[in-house]
Amino acid sequence: MPELPEVETIRRGLTPLLVGRRISGVVVRRNDVVGFPDAADFARQVAGHRFTGTSRRGKYLMLELEGGRQLIVHLRLSGHLEVVTGSVRPRYERVRFGLSGGKALSFVEPRALGRVYFVNWTAYPPALAGMREMGEEPVRAGFTTDYLAAKLRGRKASVKSLLLDQRVCCGVGNIYSDEALHRAGIRPTRRAGRLSRAEVGRLARALRGVLNDGIKWCGTTMEDGRYVLPDGTRGGFQERLRVFGREGQRCWRPGCEGVIRRVQIGNRGARYCPACQE
DNA sequence: CTTGTGTCCTGTAGGC
DNA sequence: TGCCTACAGGACACAA
């Protein structure tokens, strides 16, 4: 669930809590959430370094450590990061980073699908190959109609599944792809290569718009409350969703009589309005 | 290369 | 009441 806006919000919230602090020690409570190197080396190598800054690439959160190395976190579906006081140990804590000053950064991940990596910027491990192949950031200037058109040209897959492909536009997941397609008035089932130039233009604009709005509202906190900001508060974009989680409800678009429908594309759900998305 | 499918993982929702 | 199954989702391995 954490997609680009949620990861960006987490990054912004964590930055002042981490930068300048030193990692006093690392406890790996579950080895398989460490993607690289192996858990023992990870714990040994990360300990002792100081946080110098943060950045983000797609859904990857990068915590910069001194010496140009990075602690990279992917939250996948249910992961989150919180800064806790020394005595607090959250349920489902998988890795704990003790911090100078007594607090700790806790990587909490009930489903254990999320991963942490410790890499040197010159040598990204095969486990992070996906990161190097990642496409343009939809919130950056390089994400133009031309760029998206080139990525979709000749492709027979559904536009929905290509929006979820991180090599096409990184940081997009199920929520924001559904929302962008609704804003653009395009059905998720459409063959990507069959979109007109005008439709691709609307889609590029919609992706930029919906992701920037997601960031502006600090991400989407659904009913399960799994995603929250580092200070524990909820995001605000869930109140502005137009199709995600609105199956069976009337379309948001003024004047549209449609009822939001859910279809299966590949192995994930897509929601759309049959009346205003063609 | 492209596309679709299965897998990982576990809490939760729904059925009976 | 309680068990059982299906489902959710991001990324990747794999088959066709």
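In this text, all values refer to a predicted model and were calculated from it rather than measured experimentally. Side-chain atoms are counted along with the backbone in the values below, which use heavy atoms only and exclude waters and symmetry mates. To find a chain, count down the sequence lines: A is the first, B the second, and so on, and within it residues start at 1.
- Atom CD1 of A:I186 sits about 13.0 Å away from atom NZ of A:K160, to the nearest 0.5 Å.
- Contact annotation for A:N267: base contact, defined as any heavy-atom pair under 4.0 Å involving a base atom.
- Scanning for salt bridge (charged side-chain N to carboxylate O under 4.0 Å, His left out) contacts around A:E64 gives an empty result, with sequence neighbours left out.
- When heavy atoms are screened at a 4.0 angstrom cut-off, A:R153 is found touching no nucleic acid atom at all.
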> Do A:T52 and A:V19 pass the side chain to side chain contact (heavy atoms under 4.5 Å, CB included) test, and can you show the C-alpha distance, the side-chain angles, and the key distance before you say yes or no?
Replying inline: CA-CA 5 Å; A:T52 57; A:V19 172; 5.8 Å; no
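- Of all heavy-atom pairs between A:R96 and A:G86, the closest is NH2-O, 3.0 Å.
- For A:R115, there are no salt bridge (charged side-chain N to carboxylate O under 4.0 Å, His left out) partners at least two apart in sequence or on another chain.
- Residues passing the salt bridge (charged side-chain N to carboxylate O under 4.0 Å, His left out) test with A:R21, sequence neighbours excluded: none.
- Connectivity analysis of hydrophobic side chains (ILVMFWY, heavy atoms under 4.5 Å, direct or indirect) links A:V228 to nothing; its cluster partners are none.
- The stretch residues 236-246 of chain A does not touch DNA chain B, since none of its heavy atoms comes less than 4.0 Å from the strand.
- Side-chain polar atoms of A:T54 and A:T15 form a donor-acceptor pair below 3.5 angstrom.
- Nucleotides of DNA chain C nearest to A:L113 and A:A127 differ in position, and the one nearer the 5' end is that of A:L113.
- Looking at A:Y176 and A:E6, their side chains do bring a donor and an acceptor atom within 3.5 Å of each other.
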Atom pairs under 3.5 Å, N or O on each side, protein against nucleotides 10-14 of chain B: can you list them with distances?
from, atom 1, to, atom 2, distance (Å)
B:dT10, OP1, A:R30, NH1, 2.5
B:dT10, OP1, A:R30, NH2, 3.2
B:dT10, O2, A:R111, NE, 3.2
B:dG11, OP1, A:Y92, OH, 3.3

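- Pairs of residues two or more places apart, or lying in two chains, that qualify as side chain to side chain donor-acceptor pair (under 3.5 Å) and include a residue from residues 127-137 of chain A are A:R56-A:E137, A:R57-A:E137.
- In 5' to 3' order, the nucleotides of DNA chain C bounding all contacts with chain A (an atom under 4.0 Å from a heavy atom) are C:dA8 to C:dC12.
- Applying the side chain to side chain donor-acceptor pair (under 3.5 Å) rule to A:R89 yields no partners; only residues at least two apart in sequence or on another chain are considered.
- A search for salt bridge (charged side-chain N to carboxylate O under 4.0 Å, His left out) contacts involving A:R50 returns A:E66, not counting sequence neighbours.
- Interatomic distance, CD1 of A:I215 versus CG of A:L4, reported as 5.5 Å (0.5 Å rounding).
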Below 3.5 Å is the cut-off: list the nitrogen or oxygen pairs between protein and nucleotides 1-4 of chain B, distance only.
from, atom 1, to, atom 2, distance (Å)
B:dT3, OP1, A:K156, N, 2.4
B:dT3, OP1, A:A157, N, 3.2
B:dT3, OP2, A:R155, NE, 2.4
B:dT3, OP2, A:R155, NH2, 2.5

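- Both tests hold for A:R240 against A:W217: distance to the six-membered ring centre under 6.0 Å, angle to the ring axis within 45°.
- Of the charged side-chain nitrogens involved, none lies within less than 4.0 Å of a carboxylate oxygen, so that A:D38 and A:R44 do not count as a salt-bridged pair.
- Listed by residue number, there are no residues of residues 216-228 of chain A with a heavy-atom contact under 4.0 Å to DNA chain B.
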